[in-house]
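Just below is one structure, and these are the notes that go with it.
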Protein chains: 2
Amino acid sequence: MSVTLSDVANRAKVSPATVSRVLNGNYPVAAATRERVLRAVDELDYVLNGPASALAASTSDLVGILVNDIADPFFGIMASAVQAEMGCQDGDGTGRAGGEKLAVVCNTGGAPDRELTYLTLLQRQRAAAVVLTGDTVDDPAHAAAVAAKLARLAEAGTRVVLCGRPPLTAHPDAVLAALPFDNRGGGRALTSHLLELGHRSIGHVAGPAERTTTRHRLEGHREALAAAGLGGDRAGGGLTVHGPYDRRSGYEGARELLRREPGLTAVVAANDTVALGVCAALREAGLRIPQDVSVAGFDDLPFSADAVPALTTVRLPLQAAGARAGRLALGTEKPPPGRVAEIAAELVVRDSTGAPRTG
Amino acid sequence: MSVTLSDVANRAKVSPATVSRVLNGNYPVAAATRERVLRAVDELDYVLNGPASALAASTSDLVGILVNDIADPFFGIMASAVQAEMGCQDGDGTGRAGGEKLAVVCNTGGAPDRELTYLTLLQRQRAAAVVLTGDTVDDPAHAAAVAAKLARLAEAGTRVVLCGRPPLTAHPDAVLAALPFDNRGGGRALTSHLLELGHRSIGHVAGPAERTTTRHRLEGHREALAAAGLGGDRAGGGLTVHGPYDRRSGYEGARELLRREPGLTAVVAANDTVALGVCAALREAGLRIPQDVSVAGFDDLPFSADAVPALTTVRLPLQAAGARAGRLALGTEKPPPGRVAEIAAELVVRDSTGAPRTG
DNA sequence: TTGTAGGCGTTATCAC
DNA sequence: GTGATAACGCCTACAA
């Protein structure tokens, strides 16, 4: 079969225990012995049996990252940042992977049941940590189920970190740290910006109706409107449509908004991708951006700066947040006081917003 | 500690072996017994210990997916497609969902050593399968190292599939199947298209110099030029610059090309993202697309259709290729004859290319 | 500093 | 159809 620890032990003329100790490195071993063992490992081309050591140590070196949509750079950037923290640097230049954690990214598609399924799978693997990114379904039953699952994971020693997702209400102590994005503040800043430019008829192509992120961004939007004395029906949804986080949703949403209110002078999109769809629909309707209609996105993904016109949006430090979540999951960084640290959102004004057309 | 198989066995008043059998579903068990066991599992909220079963069965339910850059939709789309295939497929019509595989996405950053490190990690986990996506460094030493590693993995029972990567030259039998993209054909089609439009001075902002994909796309480009009688210096690199697969590379590459050859009428980019950067630089130089300069991308990522102007590019069926690779890795689909099936690339002509300005 | 031995939770091979 | 019982490969007190 495959070469085992005792094979190495025999070759190096030591006990299996000693081999285990040099491999794990967290135990004193004589330099000469270690040398001999390492050589044997190399000669035999030995690779540790992960499952066996996970069983014996009752913990694995797997770290799970849950994302809604891996094909969306929003999640890709965070996942990448988390993974980058998992230290791929070999401890002793031997090219041997030392305290290496394997970051596994799990694509839930945003489906509540898949989220739970993956959590169970990770629990089964006795994952060392789990990072949940993105928002979640805004439903008490699902929230409770996830919270319960996370509580069990935490109980079993898995470190749970929330990145860009609101803290748990049910078992708040189950998560090591939560790094929610300030979606509300971002939404408020964006709409305030539009109001300051003079816009009074602002459409909103929001995200999926039942998601926390959608709700928070919308709340920020409405707070800004209310602060400007524009409450009531208009803020209540007359100029709001919902849809998924894709280009098509923006395209169709904009057409629908135009139908409802041809006098529209600005559109806020659920995110940058949706904003691109909005722009396409607007152009198709013969409207110039921003002369006729202003458009704003959210997230500030890399392509937004290159859009034509360059997109006004709200920057979320995805890379930084992911990196921090990764360190938290690894135990490299201390959790913030209260275990919650809100991530600030920053308004980025570019060329897709301007003063409304007069008259 | 945590609840184990024997706890369930006790509660259900059966032996651990029986519990194992109903959980794995691939063994005859009396309906009544199964019922009782399942109930006990539910009541105890039992979750299988993955490492333990992997150890005993000497195989895990992990499937590794290696990608160069998870934040790049090019890889995100493939990874997502592979992962989508890992869903619960019923083993033998029993209906029980047991064949869940955990797809783990590993971000190599395109670095050769990280590629090997991840392969070792996967080997350590006794992964059931490994899917390698994207291209690789065009270096014999590294290719040999990877091939050797893959051979060991295959030897240990891991199913190896190559998706969008050229077949191995060293241990061709180590991989179950290779699905290389027809980068050469795509490159040829693209440049032919430009030549047919009348372009004679075509710049090329290529990918990283030492990668197989870069080489193949470039070869296609030059084949087309040669076929049109435009060989020599121009084809040899006078109008070719290299850089990473990002927007900035396109931006700087285009500026450099413009400096070398102000009379340029077309630019071929390494991929769609790079093409966006090219467009930005061109516009900044006061050039219209495609009236003054035509631009073409590669891959046909979702945003390309929304670019302004919509990008002419070469479509790679990333989603379909990923799905097929996933099925191959799972053993759901038969490997192609010869274990190699080239994935066709299709020219997509949109608005960013046109006839060159006359005079 | 190093060796010995028991156990981690499952699966698989026998019997019954 | 079901129950004992050995592996599976490694970790970790405990001894030496």
Side-chain angles (χ1 to χ4, degrees), chain A residues 1-38 40-41 44-62 98-99 123-128 156-157, chain B residues 1-38 40-41 44-62 91 94 98-100 123-126 128 156-157:
Chain A
M1 204 61 124
S2 115
V3 33
T4 77
L5 229 188
S6 9
D7 295 333
V8 176
N10 288 340
R11 196 138 183 15
K13 296 193 196 306
V14 294
S15 75
T18 302
V19 178
S20 170
R21 293 197 262 256
V22 336
L23 256 33
N24 289 334
N26 41 11
Y27 224 82
V29 173
T33 314
R34 127 177 283 121
E35 206 50 42
R36 208 142 32 90
V37 170
L38 252 23
V41 166
L44 263 41
D45 203 10
Y46 169 71
V47 173
L48 194 66
N49 183 318
S53 62
L55 172 57
S58 72
T59 176
S60 83
D61 50 4
L62 243 52
Q123 181 181 9
R124 174 181 301 182
Q125 300 295 334
R126 302 301 188 257
Chain B
M1 206 52 138
S2 118
V3 34
T4 77
L5 220 166
S6 7
D7 294 334
V8 175
N10 288 339
R11 195 143 189 7
K13 295 188 194 310
V14 293
S15 74
T18 301
V19 178
S20 170
R21 292 197 263 254
V22 338
L23 256 33
N24 289 333
N26 41 10
Y27 227 83
V29 173
T33 314
R34 127 180 281 123
E35 204 51 42
R36 209 145 28 95
V37 169
L38 252 24
V41 166
L44 264 39
D45 203 10
Y46 169 70
V47 173
L48 194 66
N49 183 319
S53 67
L55 172 57
S58 74
T59 175
S60 82
D61 50 5
L62 245 52
T94 54
E100 266 296 1
Q123 181 181 9
R124 173 182 301 184
Q125 298 295 333
R126 303 299 190 258

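Sequence lines set the chain letters: A, B, ... in the order given, protein chains first and strands last, and positions in each chain run from 1.
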Can you tell me which stems DNA chain C forms, taking runs of 3 or more consecutive Watson-Crick or G-U pairs with both distances under 3.5 Å? C:1-16 with D:1-16
I need the CG-P distance between Asn10(B) and dG9(C), as an integer number of Å. 14 Å
Between C1' on dC11(D) and CG on Leu55(B), what's the gap in Å once rounded to a whole number? 12 Å
Which residues pass the side-chain hydrogen bond (donor to acceptor under 3.5 Å, both in side chains) test with Asn49(A), not counting sequence neighbours? none
If you look only at pairs with a residue in residues 3-12 of chain B, which of them pass as a salt bridge (charged side-chain N to carboxylate O under 4.0 Å, His left out), with sequence neighbours excluded? Arg11(B)-Glu43(B)
Nearest to the Thr33(B) side chain among dT2(C), dG3(D), dT2(D), which nucleotide is it? dT2(D)
Contact state string [nucleotides 10-16 of chain C, B base, S sugar-phosphate only, - no protein heavy atom under 4.0 Å]: BSBB---
Any side-chain N or O of Ser58(A) below 4.0 angstrom from OP1/OP2 of dC11(D)? no
Say you draw a straight line from OG1 of Thr4(A) to CG of Leu44(A); how long is it, rounded to the nearest 0.5 Å? 9.0 Å
Would you compute the distance between atom CG of Leu38(A) and atom OG1 of Thr33(A) and round it to the nearest 0.5 angstrom? 11.5 Å
Strictly distance-based, threshold 3.5 Å: is any side-chain N or O of Arg36(B) a donor or acceptor partner for the main-chain N or O of Ala12(B)? yes
Exam field: side chain Ser60(B) to backbone Ala54(B), donor-acceptor pair closer than 3.5 Å: no
Can you tell me if Ser58(B) uses its side chain to pair, donor with acceptor, with the backbone of Leu55(B) under 3.5 Å? no
Measure from CZ on Arg124(B) to C1' on dC11(D) and round the result to the nearest Å. 15 Å
Atom-to-atom span, NZ of Lys13(B) to C1' of dT2(D) - whole angstrom: 16 Å
Could you state the atom-to-atom distance from CD of Glu35(A) to P of dT1(C) in whole Å? 16 Å
From CG of Leu44(B) across to P of dG9(C) the rounded distance in Å is 14 Å
Side chains of residues 16-29 of chain A: which donor-acceptor partners sit under 3.5 Å, not counting sequence neighbours?
| from | atom 1 | to | atom 2 | distance (Å) |
| --- | --- | --- | --- | --- |
| Thr18(A) | OG1 | Ser15(A) | OG | 3.3 |
| Asn24(A) | ND2 | Ser20(A) | O | 3.4 |

Can you pull the salt bridge (charged side-chain N to carboxylate O under 4.0 Å, His left out) pairs that have at least one residue in residues 44-57 of chain B, sequence neighbours excluded? Arg152(A)-Asp45(B)
